[in-house]
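For reference, the structure discussed in these notes is given below.
Per chain, numbering begins at 1; letters A, B, ... match sequence-line order.
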Number of protein chains: 2
Amino acid sequence: MSKTFLFMDTVVNKVDSKGRVSLPSDYRSIVKELSTEIVCYRSLTSPCIEGCPEELLEKLASDMENSLDFFSQEQDDLTNLIFGDAKRFAFDSTGRIVLTEKLLKHAEITDTAVFVGKGRKFQIWNPENWAKEEARIRAEVLKKRPSLKLPAGAQA
Amino acid sequence: MSKTFLFMDTVVNKVDSKGRVSLPSDYRSIVKELSTEIVCYRSLTSPCIEGCPEELLEKLASDMENSLDFFSQEQDDLTNLIFGDAKRFAFDSTGRIVLTEKLLKHAEITDTAVFVGKGRKFQIWNPENWAKEEARIRAEVLKKRPSLKLPAGAQA
DNA sequence: CTAATGTTTATGGTATATCATGGGAATTTA
DNA sequence: TAAATTCCCATGATATACCATAAACATTAG
């Protein structure tokens, strides 16, 4: 099978008192192709944590590396914000990472985390917040595209 | 694959009476791949110190050499400022550097320093100043891109 | 089709290594 | 020689690596 790099599915895992969580094994096997660590940061738009392989942030850095941007103050504020916020998380031999207080607080996560695949990246949610968000997204989609219906029987 | 390095995260360290500060260990392990010292200079645009591996300045120099704006007065002036200001700082066996009075004064740092990752380089701030700057950046980002989706690989 | 078995994954607890930081000795500079 | 700088060691706090158990899953045998 060819290696694809898409984070998919929704997985619920426990967060222990030290902030340890198992990264879903599917995610792990994706990341392992590249490295043994992921990068996480607070979402700017939602109360959740976003994660991705470090490679995704490489491009941002490269874009700014050239001399023209080097002195620019306007050198993308957004990018600067992300690097200041993002942090590497290595997962140990059992596949766990330890999330920081800052991240957990932003996502309002205490003892349970929901991993949601988003393609090239993924998100980590508090269960209740994710339930609401998912409902909101579904409603939004149906509102915009009333003709879009799932085939009968395709509901889980 | 070419191994690249990204400075990330925000860490707060103390500056002792001798002016010693621990370089965050994450930063150290990045720099160590290349050398045992970093280069620091006063930011041209903010009251903070900027730091990076010497490698980055070398790249800057060669970019300038090959630039279409080879005769640009502005670029010339700017590079003069940077290279005239920059200085190497070796870190000792415990991972600390001693910043100069000139740098500390420019950043208004006395007993606490905030290291902020910026991708290929990093900045060192006075805590209060950084708090203000971060707030400014966040406001700016939200103003410019109200419907922002993070660029982590996806234009959503 | 069911039962048994082996394998991967999730989770809890604990030992260990690493890091930030302070104090002081040794070395250099003025 | 006084002052400043660099180096070395000690310590507490924190984070990481390691080990053990339990649960979920897949595979195979009967």
Checklist outcome for this item: So the contacted stretch of DNA chain D, first to last nucleotide with an atom under 4.0 Å from a non-hydrogen atom of chain B, runs from D:dT6 to D:dC9

Item to check | Candidate list B:Arg28, B:Lys87, B:Lys32, B:Arg88, test salt bridge (Lys or Arg N to Asp or Glu O under 4.0 Å), partner B:Glu37, passing option | outcome: B:Arg88

Next on the checklist: Regarding B:Ser22, tell me which of base, sugar-phosphate or nothing describes its non-hydrogen contacts under 4.0 Å with the strands shown.
Outcome noted: base

Next on the checklist: Looking at A:Ser35 and A:Val31, would you say the former's side chain and the latter's main chain have a donor-acceptor pair under 3.5 Å?
Outcome noted: no

Item to check | Joint cluster assignment, B:Val116 & B:Phe7, ILVMFWY side-chain distance < 4.5 Å | outcome: no

Next on the checklist: For chain A and DNA chain C, what are the first and last nucleotides along the strand, 5' to 3', with at least one atom under 4.0 angstrom from a heavy atom of the protein chain?
Outcome noted: C:dT9 to C:dT14

Next on the checklist: Distance check, rounded to the nearest 0.5 Å: B:Leu57 atom CG versus B:Cys52 atom SG?
Outcome noted: 4.0 Å

Checklist entry - So what does B:Asp92 hit on the nucleic acid, given a heavy-atom distance under 4.0 Å: a base, only sugar-phosphate, or nothing? => result nothing

Checklist entry - Hey, what's the ring geometry for A:Phe115 with A:Phe122, parallel, tilted or perpendicular (30° and 60° as the breaks)? => result tilted

Checklist entry - Between A:Tyr27 (side chain) and A:Gly117 (backbone), is there a donor-acceptor pair under 3.5 Å? => result yes

Checklist entry - Is B:His106 reaching over with its side chain to a backbone N or O of B:Ser43, donor-acceptor style, under 3.5 angstrom? => result yes

Checklist entry - Do any N or O atoms from the side chain of A:Asn13 and from the backbone of A:Ser22 form a donor-acceptor pair under 3.5 angstrom? => result yes

Checklist entry - Across the strands shown, which category fits B:Thr94 at heavy-atom distances under 4.0 angstrom: base, sugar-phosphate, nothing? => result base

Checklist entry - Just checking B:Ile97: base, sugar-phosphate only, or nothing, at a heavy-atom cut-off of under 4.0 Å? => result nothing

